J.: 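One structure follows; several queries about it will come next.
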Amino acid sequence: MQTIITYQKKFQSRNTLFIFMIMISVAMQDEKIVVMGGTGGMGLSAARAFISNGANVIVVGRNQANVETAQKILGSAGIALMGDAKDED
């Protein structure tokens, strides 16, 4: 199996350099995945990687504008929903 680096971001905070990477190295054909906080940043990048590896993905975010943008990015390959995991209703 091939490892794919799907997202990499570097940022500096004070004197520390942080590097975030998401790596996927398994086939995900027809797996069902929900990404909370998936309408931006690392979550959205992970969702796109899962989709490119064959998974069925739903991303959830709290901000309606971000949900709409994520849906445009994912197209028909994924579903973007508005929600909050902290909300008890």
Side-chain angles (χ1 to χ4, degrees):
M1 284 178 254
Q2 179 182 5
T3 298
I4 301 168
I5 297 175
T6 60
Y7 179 83
Q8 180 172 338
K9 181 170 184 168
K10 297 179 183 181
F11 70 92
Q12 192 149 4
S13 175
R14 299 187 186 209
N15 293 327
T16 306
L17 176 65
F18 295 93
I19 300 175
F20 292 98
M21 293 190 316
I22 298 170
M23 298 191 318
I24 297 174
S25 61
V26 295
M28 299 188 162
Q29 194 63 36
D30 298 322
E31 292 289 333
K32 294 161 185 63
I33 299 172
V34 176
V35 180
M36 301 300 291
T39 59
M42 291 175 61
L44 184 57
S45 294
R48 293 174 68 191
F50 295 143
I51 288 169
S52 70
N53 282 283
N56 299 308
V57 177
I58 296 173
V59 297
V60 181
R62 295 181 294 172
N63 179 289
Q64 184 63 40
N66 292 350
V67 169
E68 291 170 5
T69 300
Q71 186 63 67
K72 289 177 185 174
I73 291 169
L74 298 176
S76 62
I79 298 171
L81 301 173
M82 190 167 137
D84 188 343
K86 296 186 301 183
D87 191 357
E88 296 180 17
D89 293 332

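Remember, predicted model here, so these are calculated numbers, not experimental data. Quick note: residue numbers are just sequence positions, from 1.
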J.: Show which residues join Met36 in its hydrophobic cluster (side-chain heavy-atom contacts under 4.5 Å, direct or indirect), or state none.
T.: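 The other cluster members (ILVMFWY side chains, heavy atoms under 4.5 Å, direct or chained) are Val34, Ile58, Val60, Ile79, Leu81.
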J.: Are any side-chain N or O atoms of Thr69 and backbone N or O atoms of Asn66, one a donor and one an acceptor, separated by less than 3.5 Å?
T.: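 Checked: no pair found.
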J.: Would you name the heavy atoms of Ala55 and Ile33 that are closest together and state the gap between them?
T.: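 Nearest heavy atoms, Ala55 then Ile33: CB-CD1, 3.8 Å.
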J.: Do you know which two heavy atoms are closest between Leu44 and Ala70, and how far apart they sit?
T.: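 In this case the closest contact between Leu44 and Ala70 is CD1-CB, 4.1 Å.
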J.: Taking only residues two or more places apart in sequence or in another chain, which ones pass side-chain hydrogen bond (donor to acceptor under 3.5 Å, both in side chains) with Glu68?
T.: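 Counting only residues at least two positions away or on another chain, Glu68 forms a side-chain hydrogen bond (donor to acceptor under 3.5 Å, both in side chains) with Gln64.
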J.: Hey, does Val57 have a side-chain heavy atom less than 4.5 Å from the side chain of Leu74?
T.: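 Not in contact.
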J.: Can you check whether Ser76's main-chain N or O pairs, donor with acceptor, with Gln71's side chain at less than 3.5 Å?
T.: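 Absent.
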J.: Remaining members of Val67's ILVMFWY cluster at a side-chain heavy-atom cut-off under 4.5 Å?
T.: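 Members besides Val67, by chain and number: Met82.
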